[in-house]
Asker: 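Below is the structure I would like to discuss, written out as structure tokens.
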Protein chains: 2
Amino acid sequence: MLTDRQLLILQVIIDDFIETAHPVGSRAISKKEEIPYSAATIRNVMADLEDMGYLEKTHSSSGRVPSEKGYRYYVDQVIAPTIQESNLNVVKHIIQDGFVEFETLVQKSAEILSDLTTYTSIILGPEIYETKLKQLQIVPLTQHTAVAILITDTGHVEHRSFSIPDAIQSSDLEKMVNILNERLKGVSLIHLPDVLNNEVVSLMRKYVNDFEKSYEYLKSAFFDEQPAKLYIGGKSNMLMQPEFKDVEKIRSFYSMMENEHEVINLLKNTQNGIKVKIGHENNVDAIKDFSLITASYQLGDEQMGTIALLGPTRMEYRKVITLLNALSNEMTEALYLWYKSNG
Amino acid sequence: MLTDRQLLILQVIIDDFIETAHPVGSRAISKKEEIPYSAATIRNVMADLEDMGYLEKTHSSSGRVPSEKGYRYYVDQVIAPTIQESNLNVVKHIIQDGFVEFETLVQKSAEILSDLTTYTSIILGPEIYETKLKQLQIVPLTQHTAVAILITDTGHVEHRSFSIPDAIQSSDLEKMVNILNERLKGVSLIHLPDVLNNEVVSLMRKYVNDFEKSYEYLKSAFFDEQPAKLYIGGKSNMLMQPEFKDVEKIRSFYSMMENEHEVINLLKNTQNGIKVKIGHENNVDAIKDFSLITASYQLGDEQMGTIALLGPTRMEYRKVITLLNALSNEMTEALYLWYKSNG
DNA sequence: TATTAGCACTCAAGAGGATAGAGTGCTAAC
DNA sequence: GTTAGCACTCTATCCTCTTGAGTGCTAATA
């Protein structure tokens, strides 16, 4: 447990370092208004804080720099208790421009977020599994091609083009779609494969000629994989950070960000609420010098998606956490209102 | 006009520099098998080539580096005449995996392209204006929201969500869509606004209550702006290039690439065929050290889209031009077959 | 006359050394 | 418990020196 004085000094050091990115020396601290101690006293306290692992030196006679443990303490003990529930009015603003589909809303919020923070924002789009099927359609283009369109009750639209083998009659396809629409309307996407296999298959086998083949085609068009929607904003913001002087660091950062799969993994398994992962806590080597702050938005108990900000460990935690907190509240609220109005 | 010897030496210098990224000295050249001259002779030739503007020095006693004029000559006189029509079989490969919409095809080709070259690929998606409307649909989601879906004969799907003001009856919307479908089917997207204003408006005014408002909504949903589809692949490839040691360069490159608008402008106004723009020829300061090679694919005389590769001026022109040429031929061919089979 | 060998010269890049400045730790005094 | 003072440490920067790759020019050669 830290004494009041130790805490004060830790705080001042971290604030200073976050602002300047330079190691902080005892003399600079003692000059600050809120600090009534001399440089020598500060030095003693700093030595203690270093022993406890909250501070580090870059070399034996340098000023101090916060360690990951230091940031952790700062975030948990200093920042977290003081976060005020606030409202950003970002979402409201976007919605006022007219109805938008939820995905667009998320994307725009993300852009705003990265502009506001000069860090990189990452958004894992609303998990569409929980949304329900509104309508399924097949529009023939030519004799051998067609496009299948799937519309959810949130206004999300998925579409796939596919070709129709000679063996399949277009009337068969039509019949099939009719059956599908009748049976699947209102079913949530995550249950779609189940319902499909249990209830619909037998029905279709009865009415549709050469059913197996048609079914295979439809199935592969829609139900095989639902790619997660990933938005990344402000990647070049990162280049403004002074810690990015090293080309090698830039390289590893960017090639990681180009790999969708890896980024998605980073955001997965986040629980509700705000989560701060500092440096090595991310367990990913490419971002061992970064902190990732994630927030999720949800409907009821169901998590819908994740918003995150990625920046150097020397991040403006207070600002970022406040922002993300406000935004995730707004998103959750917007989602709730949405579903309520959907009855 | 260059003598044979001058041309030979210019060629060797450019090839060498493209490979190593180091200024090329006279001694190194004279050691090459295909060069029967001594270093001193080479020096005289090099001095002449420099006087003519084909070569440059980085400092007064450095080796020579190709100038933009040098690259220009190299591309126009050395490379261009030797390009062989070839086929990459990329497109065929993708199409064999099943019917895909044209946009997907373009995107996949782009990925392959950037992997193959270690440069950055940029693709301006098929201009959808020339394609024809297949079907227009409005699917109501709730009492106050709906999603409008537009399907083209190429299998391209656009969708917009919008809210329905109280004043508008859903039966009116339905009527409207029926009229639109009847009248607009088969109209090419680029003529849509005209036909809409000239033929359809009067008809609708007759049948639809409170038409003006509904119309405004539909119009804003679809016909205001068609965002060009832009794909960029292998941005981090650029970081592998040795010329990218300077963080400032990286910064200006990446912030330019994040600005869709600017990138689109770069590719616009490309004519048919392969076009090579070297360094300052691009008229964009951020890529004054880059070359941009563009190829378009078309249907008949109508240009459909543009494929481009962006790399350092020290680019493997032969390889890139051959690749792009092959790919654009393939795309054009695929497009032709496509439309033919559409009757 | 065209080519080549030879030599003086130039410049960038890297190594080594000196210096200034910001910082520390420790000790003794308050 | 706090602070002043001092010796010490390390980095960053600047300067100088050296090396090596390269050039241009001139005189000799084929």
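The sequence lines fix the lettering, A, B, ..., with proteins before strands; numbering per chain opens at 1.
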Asker: Just to verify, what does Q107(A) make a side-chain hydrogen bond (donor to acceptor under 3.5 Å, both in side chains) with, not counting sequence neighbours?
Answerer: none

Asker: Taking the six-membered ring of Y54(B) (Phe, Tyr or Trp), confirm whether the NZ or CZ of K69(B) is under 6.0 Å from its centre and within 45° of its axis.
Answerer: yes

Asker: Of all residues at least two apart in sequence or in a different chain, which pass the salt bridge (Lys or Arg N to Asp or Glu O under 4.0 Å) check with D76(B)?
Answerer: R72(B)

Asker: Salt bridge check, R314(A) against D289(A): does any charged N sit closer than 4.0 Å to a carboxylate O?
Answerer: no

Asker: Using a heavy-atom distance cut-off of less than 4.0 Å, which residues of residues 58-65 of chain B contact DNA chain C?
Answerer: H59(B), S60(B), S61(B)

Asker: Contact list please: residues 45-55 of chain B against DNA chain D, heavy atoms, distance less than 4.0 Å, in numerical order.
Answerer: M46(B)

Asker: Determine, for E111(B) against K108(B), whether the closest basic-nitrogen to carboxylate-oxygen distance falls under 4.0 angstrom.
Answerer: no

Asker: Could you go through E56(A) and R64(A), starting from their C-alpha distance and side-chain angles, then the distance that decides it, and tell me whether this counts as salt bridge (charged side-chain N to carboxylate O under 4.0 Å, His left out)?
Answerer: CA-CA 6 Å; E56(A) 283 169 355; R64(A) 297 313 203 290; over 6 Å; no

Asker: Compute whether any side-chain donor of one residue and acceptor of the other, for S291(A) and Y317(A), lie under 3.5 angstrom apart.
Answerer: yes

Asker: Are Y254(A) and F244(A) close enough that their ring centers fall under 6.0 Å?
Answerer: no

Asker: Ignoring backbone atoms, test whether K57(A) places a side-chain nitrogen or oxygen under 4.0 Å from the OP1 or OP2 oxygen of dG25(C).
Answerer: yes

Asker: How long is the line joining CG of N44(B) and P of dT23(D), in whole Å?
Answerer: 11 Å

Asker: Could I get the full list of salt bridge (Lys or Arg N to Asp or Glu O under 4.0 Å) partners for R318(A), not counting sequence neighbours?
Answerer: none

Asker: Which residues in residues 13-43 of chain A have at least one heavy atom lying under 4.0 Å from any atom of DNA chain C?
Answerer: G25(A), S26(A), R43(A)

Asker: Could you grab the distance from atom NZ of K319(B) to atom CG of L309(B), nearest 0.5 Å is fine?
Answerer: 10.0 Å

